[in-house]
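One structure below.
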Amino acid sequence: MQVHETCYDRVFLQEGGYERCRGTDLDVRVVMARMPVDVKDGFRYERVPWERFFHPFGRGEDIPGLLKQLRFADDEEAAERALGELWSLRHQHQTSAPAPLAVPFLLRIAADRSTYWRSGVLSLVAHMARSDHSYHVVEIRTEFFRVAYRDDDLRYDTNMYPQNWSIQAARDAIAADAQILLNLLDDPDPDVRGRACHVLSAASGKAREISIALHERLGVEDDPQVRARIVLALAQLAREHAKIHADTVAWARACWADATRPAEVRVSALLAWSCLVEGPLPDALRAVLEETVTEELDRLMSPIPWLEVVDEAGLPRILERILQAEEQDLPALLAARDRLVDPWIRGCDDDPPF
């Protein structure tokens, strides 16, 4: 029986850490980039090196079986069970190394209207392609639409594999199959359309193509929550891709100032614009919020993924945090934030863990 070398084996049996894996067959970004289209379209799981990478509960060899269960589930309950187990790839807000290898197959499963839990599948993919941010009041404007960890912020999963690599590979997989998601913008299920927007906004490439498609969909979309998701997706793309940043900023500014726009579009555009620009925010923002933000709008937008991961207090509290961010005592807030950081993450000067 052949024993496959894994990243774990190489790192702990040799010196040099994961930098030795960079650009090799143990770098999941490299494996993802080399995956042929016929493997994805034909669901040829056997040609994917799952065994090289670990999720929190073992090697990735069990993922093909779960993908098959999800794809061929006879009822919603069976599909839900398979999908629930696949969330091991995004365990405790961490994207594990085998996760991006599953992305192409999950997208094709979600695109098949005969399968169950399609919006849930898209939600899993969207989370795989994102870092887990803690939004502090001093950072919310700069961090709200960030997708990946910063280059100088290296994070590891439970098997000590760089999450930065796994997230990047997932984003690359989304970009490679962006057309599947663009087709879903016309899906009859509004939840699928909305989730497709969330996934597309994490793509590592094809930003202009995706942006154009989202603008076109916004022009015909009749579901208020999907309209809000489209606007926020456009903002996230602009945050990550400089080539569309200026155009999106100008569009969002005109959008939130336009009283003829629906409330959810204006507020989403206001949120987008505030987090994409630097410097003081104009007083006119408060007037727009007083005019548009209601309990009904809060209920409508609270389930939107960008908002639900930031602050459970709801839309008004998030907007207030953004407006107040520049008014706070920055040094005091930074000091307070640092005191809240888990000492196991920060390290202990007098008692180092290693």
Side-chain angles (χ1 to χ4, degrees), residues 28 32 35 40 43-46 48-133 147 155-159 161 163 166-167 169-171 173-174 177 180-181 184 187 189-202 225 229 302-310 312:
V28 72
M32 188 66 254
M35 189 181 295
K40 305 175 189 179
F43 293 88
R44 302 184 66 179
Y45 306 119
E46 74 282 358
V48 179
W50 307 96
E51 71 283 347
R52 295 180 194 168
F53 304 100
F54 281 83
H55 56 68
F57 305 103
R59 292 178 189 266
E61 294 168 312
D62 62 332
I63 302 305
L66 295 172
L67 290 169
K68 290 177 183 177
Q69 291 176 34
L70 176 62
R71 184 184 177 201
F72 296 115
D74 293 329
D75 53 48
E76 289 191 19
E77 185 177 349
E80 185 178 17
R81 284 197 302 271
L83 181 59
E85 292 194 48
L86 283 166
W87 271 93
S88 64
L89 295 170
R90 177 67 181 181
H91 183 64
Q92 295 183 348
H93 307 289
Q94 295 182 349
T95 297
S96 60
L101 303 180
V103 168
F105 305 111
L106 290 170
L107 292 179
R108 285 159 174 78
I109 291 171
D112 185 347
R113 295 184 186 180
S114 68
T115 57
Y116 296 98
W117 286 95
R118 299 167 62 220
S119 63
V121 173
L122 292 172
S123 178
L124 173 57
V125 174
H127 282 81
M128 286 175 174
R130 282 173 167 79
S131 57
D132 178 36
H133 293 300
V147 176
R155 302 293 184 96
Y156 300 89
D157 64 20
T158 53
N159 289 296
Y161 192 84
Q163 281 195 76
S166 302
I167 292 170
R171 297 181 65 202
I174 291 168
D177 281 321
I180 294 175
L181 292 155
L184 290 178
D187 195 89
D189 184 344
D191 199 21
V192 169
R193 298 198 300 272
R195 295 289 179 180
C197 295
H198 194 211
V199 179
L200 282 166
S201 65
Q225 192 178 100
R229 293 181 187 226
S302 290
I304 293 176
W306 285 274
L307 304 184
E308 66 183 1
V309 301
V310 177
E312 294 181 358

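Since the structure is predicted, the reported quantities are computational estimates derived from the model, not experimental observations. Just the heavy atoms: all of them, side chains too, but no hydrogens, waters or symmetry mates, feed the values below.
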Handout entry: Y161/F54 aromatic ring centres below 6.0 Å
Key = no
Could you give the distance from [atom1] ([X]) to [atom2] ([Y]), rounded to the nearest 0.5 Å?
X    : Y    : atom1 : atom2 : result
F72  : Y116 : CZ    : OH    : 14.0 Å
R90  : I167 : CZ    : CD1   : 6.0 Å
S88  : D62  : OG    : CG    : 6.0 Å
S166 : Q94  : OG    : CD    : 10.0 Å

Are any non-hydrogen side-chain atoms of [X] and [Y] less than 4.5 angstrom apart?
X    : Y    : value
L86  : L70  : yes
L184 : L122 : yes
D177 : R108 : yes
R155 : S131 : no
R229 : P305 : yes
I63  : H55  : yes
Q225 : P303 : yes
D112 : T115 : yes

[atom1] ([X]) with more than 12 external heavy atoms under 6.0 Å:
X    : atom1 : answer
W117 : CH2   : no
E46  : CD    : yes
D75  : CG    : yes

Practice task
Mind telling me whether F57 and H91 have parallel, tilted or perpendicular rings, with 30° and 60° as the class edges?
Solution key: perpendicular
Practice task
Specify whether H198 and W306 have parallel, tilted or perpendicular ring planes, treating 30° as the upper limit for parallel and 60° as the lower limit for perpendicular.
Solution key: perpendicular
Problem - Cation-pi, F43 ring and R71 (6.0 angstrom, 45 degrees) - result: yes
Completion exercise
Tested for salt bridge (charged side-chain N to carboxylate O under 4.0 Å, His left out) against D187, the lone hit among R195, R113, R193 is R113
Handout entry: Salt-bridge contact E85-R81 (side-chain N to carboxylate O under 4.0 Å)
Key = no
